[in-house]
Structures are given as structure tokens and as C-alpha cells.
**Q** 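Pasting a structure below so you can have a look.
Index from 1, following the sequence.
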Amino acid sequence: MKGLILVNAYSRMRAFEVQSSRLAEEFEAIGVEADVRRNDGFIASVADGKVSVRAEGYDFCVYLDKDRYVLRALEDSGIPVFNRRSAIEACDDKMVACLELAGHGFRMPRTIPGMLCYDPEEPVREASADAVIRELGLPVVVKECYGSMGKGVRLARSREDLMAVMEQVKTKPHLFQEFVAESSGRDLRVIVIGGKAVGGMLRSSGSDFRSNVGCGGKGTAFELSPEVASYAERIADALDLDYCGIDLLFPGDGGDMFVCEVNSNAFFEAFEAATGINVARLYARHVADEVAQFYRGRRESARSLMAHR
Ligand SMILES: Nc1ncnc2c1ncn2[C@@H]1O[C@H](COP(=O)(O)OP(=O)(O)O)[C@@H](O)[C@H]1O
Ligand SMILES: [Mg+2]
């Protein structure tokens, strides 16, 4: 069995490098060969009216990028991809993820999709800001739908603040969200692999309402209650994720935690350091088991087809 670990071509961040090299290391440790390749080799194309992918010799792909075109081509070519396309695409857009998770009984902060503006010259209307404030109050969270590491997440504390933020984000997909004040600067990151919550990390920042490690958040191991573990497992299952990091916000009332965000490509370096859990090993093992099962299933159905001829 041989795997391809595909990483973004442009990213030079150390965390990306650690993610792919740790995974490759753990695949090797369980006897699975895996190559790390940058996503700029142009491995996918449409030629002669057909999708063509140059990934010969690989039995599976761990897709550490989010580019949806190569992702789709890879999956259409029939190779097992982790996470699967539908899951990566749902998580990539925070509003899509929110809509997907609705209706499953999870507690989520009240959220309104932002209206996209196609003309940068067109000013945000005061009435639009007032409508958001009427629905969600102040302060209110504004998120760009495509963003990570806290970068596209802002807190508007006043009407003027909100107008200014709306101006900044109006031409990008964005959403407005109720601010869960009790959880300000704190959240719980849970990693789920193959349907099992493997552990939790409390992230807290003394200087920012965002608890991302990149915003000053510090991670410490957090023991998951069976209820929170199974809650996180149900969230991962709802999005069909083989691997994810779920951000949960603490409520003030002792009820269920709020689902803040689900990351299909969650970094695990800080989590491994805080918890001592070998996330890369668990993920590599899960992928290897799934891939073995996939090819076993294919062989069996080929045999049964032959038997029925
Ligand atoms: N509705 C909210 N109420 C309180 N804090 C929030 C809320 N949404 C996000 N945060 C804080 O901001 C951080 C980043 O938001 P998140 O949606 O996870 O985006 P990112 O993809 O950038 O991590 C969260 O980890 C949390 O600490
Ligand atoms: Mg997050």
C-alpha cells in the first residue's frame, strides 16, 4: 500500500510542514509508504473530454489542502481520499458547515449569512447593520466564511464598529454570529478520528476573544466527559469526516456546548504537545485500515461479479 500526502503549494508555514512530515513518519512506522507532494505538480486535468489524474502507483491520498478542483478530480478518479471531498468542502465554508450541521440537534450560536456585495463602491446601509443588531445584539461576531487561525474572525462592539467591519467583508462570503460571551478567549478543541473522539485541548487566550494558538491561545490537555466525547463524535459523523478538529464554545448555563467550527484540516502539533496523544499515528492507522477495507471490498465485488457470469 502506498499513499500520497498532498500539501498546498504556496504555504510555507511550519505548521503545514509539521503536519505532512509527522503523518509521513507515522505511516512509515506502521509499514505504509507515503510520499509528501506539493499541490503544484498539476496532477489533474480534463483532456479528451475526460478527467485525468497523474497519481499512478498511489492507493490513497491524504489531502492536506483545500483546493476543490484537484480534490474533485482525485476522488472522481476512484482513489480513496481523506477527508472525502464532501466533508472538506462543507468544512471549508463556515456558513455551509453551519447549514449542514443544523437540524441534527447540536447547539450552535445564532448565525445569519452575510449578503455578498458585487460592487465595492456600494456602501453598507445602516439599516443592514441595524437588522443584524436586532437579531444578534452587540457585541456581535463577524466571520469570513473562508478563513482559519482566527484571521477572518472579528468582534464588533458597537454599531459604528459593525458598519466598519461590514465594509471590510462585504465583497467576501461572510456571516454574523451571536457572541458567546461566557466563552470569550476560551474554547475546547476536540479531535475526532474514524468516529472516535481521541482527546481534548482547552485553548485560552488572555489577550483576545479568539482562542486560536495563532492569536495567543495556550493549549492544555482537557479530559473529555463521555457526553462531550459522544457529542463531538456525532458532529464529525454528521459531516462524514474521517479526521477533524472541532471547536466547542463553553455555555454559561451548563447545557450543551456550542459548536463553533469544524476543521477538516486541523493542525495537530499543538494538540499533540499539550495532550501527549499521537494524533498522526491514530490518523495514519485509521487511513490504512480504511484503505485496506476499500480494496478488499473491491476485490470481493469483482469476485462475486465473476461468479455470477
Ligand atoms: N460566536 C462566538 N462567540 C465567542 N467566541 C467565538 C465565536 N466564534 C468564534 N469565537 C472565537 O474565535 C475563534 C476563531 O473562530 P473560528 O470560527 O473557530 O474561526 P477560525 O477558522 O479562524 O479558527 C474561536 O476559536 C473562538 O475562540
Ligand atoms: Mg477555529
Side-chain angles (χ1 to χ4, degrees), residues 19 23 62 64 82-84 86-111 143 148-150 153 177-178 180 182-183 185-204 210-213 217-287 289-290:
Q19 197 85 352
L23 263 176
V62 178
L64 297 183
F82 299 86
N83 283 299
R84 67 195 74 214
S86 57
I88 294 181
E89 287 189 358
C91 292
D92 191 23
D93 180 331
K94 292 186 198 323
M95 192 64 224
V96 171
C98 181
L99 291 164
E100 290 280 342
L101 289 172
H104 290 268
F106 306 127
R107 190 177 193 187
M108 299 192 284
R110 266 186 304 146
T111 303
K143 296 186 190 184
S148 55
M149 295 175 266
V153 179
Q177 193 166 75
E178 168 191 3
V180 181
E182 298 81 1
S183 201
R186 267 185 333 139
D187 74 356
L188 175 62
R189 165 60 62 89
V190 181
I191 289 192
V192 181
I193 301 172
K196 182 150 183 21
V198 302
M201 174 173 77
L202 176 71
R203 296 188 303 185
S204 38
R210 299 163 300 178
S211 51
N212 303 73
V213 173
K218 296 270 173 288
T220 47
F222 187 94
E223 194 166 334
L224 300 179
S225 67
E227 292 75 28
V228 170
S230 103
Y231 190 57
E233 288 164 4
R234 286 194 289 118
I235 293 166
D237 183 56
L239 294 175
D240 226 356
L241 285 149
D242 287 276
Y243 169 85
C244 66
I246 301 173
D247 298 342
L248 297 171
L249 300 173
F250 293 92
D253 60 7
D256 281 344
M257 298 188 79
F258 289 92
V259 185
C260 172
E261 196 208 5
V262 184
N263 301 275
S264 62
N265 288 5
F267 290 135
F268 50 65
E269 186 185 17
F271 189 95
E272 287 191 327
T275 63
I277 297 168
N278 188 337
V279 174
R281 171 69 64 92
L282 293 170
Y283 191 21
R285 171 81 61 207
H286 167 72
V287 168
D289 289 349
E290 288 289 305

**Q** Distance from L101 atom CG to M108 atom CE, nearest 0.5 Å?
**A** 5.5 Å
**Q** If you look at every heavy atom in D253 and R107, which pair is closest and at what distance?
**A** OD2-NH2, 2.7 Å
**Q** Find out whether R186 and S204 are in side-chain contact, i.e. whether some heavy atom of one side chain is under 4.5 Å from a heavy atom of the other.
**A** yes
**Q** Picking from V279, L282, I193, what satisfies side chain to side chain contact (heavy atoms under 4.5 Å, CB included) with F268?
**A** V279
**Q** Of all heavy-atom pairs between F106 and A238, which one has the smallest distance, and what is that distance?
**A** CE1-CB, 3.9 Å
**Q** Taking F82's backbone N and O only, do any of them form a donor-acceptor pair with D242's side chain (distance below 3.5 Å, no angle check)?
**A** no
**Q** Quick one: does E182's side chain have a donor or acceptor within less than 3.5 Å of a partner on F250's backbone?
**A** no
**Q** I want to check something: taking the side chain as every heavy atom from C-beta on, are D237 and V192 in contact at a cut-off of under 4.5 Å?
**A** no
**Q** When rounded to the nearest 0.5 angstrom, what distance separates CG in L249 from CD in E178?
**A** 10.0 Å
**Q** Could you tell me which non-hydrogen atom of N83 sits nearest to which non-hydrogen atom of S264, and how far apart they are?
**A** ND2-O, 3.0 Å
**Q** For a 4.5 angstrom cut-off between non-hydrogen side-chain atoms, does P251 reach V180?
**A** no
**Q** Looking only at heavy atoms, what is the nearest atom pair of G150 and N212, with distance?
**A** N-ND2, 3.2 Å
**Q** Can you name the closest pair of heavy atoms from V153 and K143 and give their distance?
**A** CG2-CG, 3.9 Å
**Q** Does the side chain of V287 reach to within under 4.5 Å of the side chain of L23, using non-hydrogen atoms?
**A** no
**Q** Check for a donor-acceptor pair, side chain of E290 on one end and backbone N or O of G194 on the other, with a separation under 3.5 Å.
**A** no
**Q** Look only at the side chain of E233 and the backbone of A197, and say whether a donor-acceptor pair between them is shorter than 3.5 Å.
**A** yes
**Q** Rounded to the nearest 0.5 Å, how far does CE of M201 lie from CG of L188?
**A** 9.0 Å
**Q** List for me each residue that meets side chain to side chain contact (heavy atoms under 4.5 Å, CB included) alongside D247, sequence neighbours excluded, and say none if there are none.
**A** D187, R189, R203, C260, E261, N263
**Q** Mind checking side chain to side chain contact (heavy atoms under 4.5 Å, CB included) for L99 and listing every partner two or more places apart, or none if nothing turns up?
**A** M95
**Q** Which heavy atom of A274 sits nearest to which heavy atom of G219, and what is that distance?
**A** CB-O, 3.7 Å
**Q** Could you state the interatomic distance from SG (C244) to CD1 (I88), rounded to the nearest 0.5 Å?
**A** 11.5 Å
**Q** Can you check whether L239 reaches C91 side chain to side chain, under 4.5 Å on heavy atoms?
**A** yes
**Q** Does any non-hydrogen side-chain atom of T275 lie less than 4.5 Å from one of I191?
**A** no
**Q** Do V62 and Y283 have side chains that get closer than 4.5 Å, going by heavy atoms?
**A** yes
**Q** Does any part of the side chain of I277, heavy atoms only, come nearer than 4.5 Å to the side chain of F271, both counted from C-beta?
**A** yes
**Q** What distance separates Y231 OH from D256 CG, expressed to the nearest 0.5 Å?
**A** 4.5 Å
**Q** Determine yes or no for a side-chain-to-main-chain donor-acceptor pair under 3.5 angstrom, with Y243 supplying the side chain and A266 the backbone.
**A** yes
**Q** Please check if the number of heavy atoms outside R285 that lie under 6.0 Å from its CZ is greater than 12.
**A** no
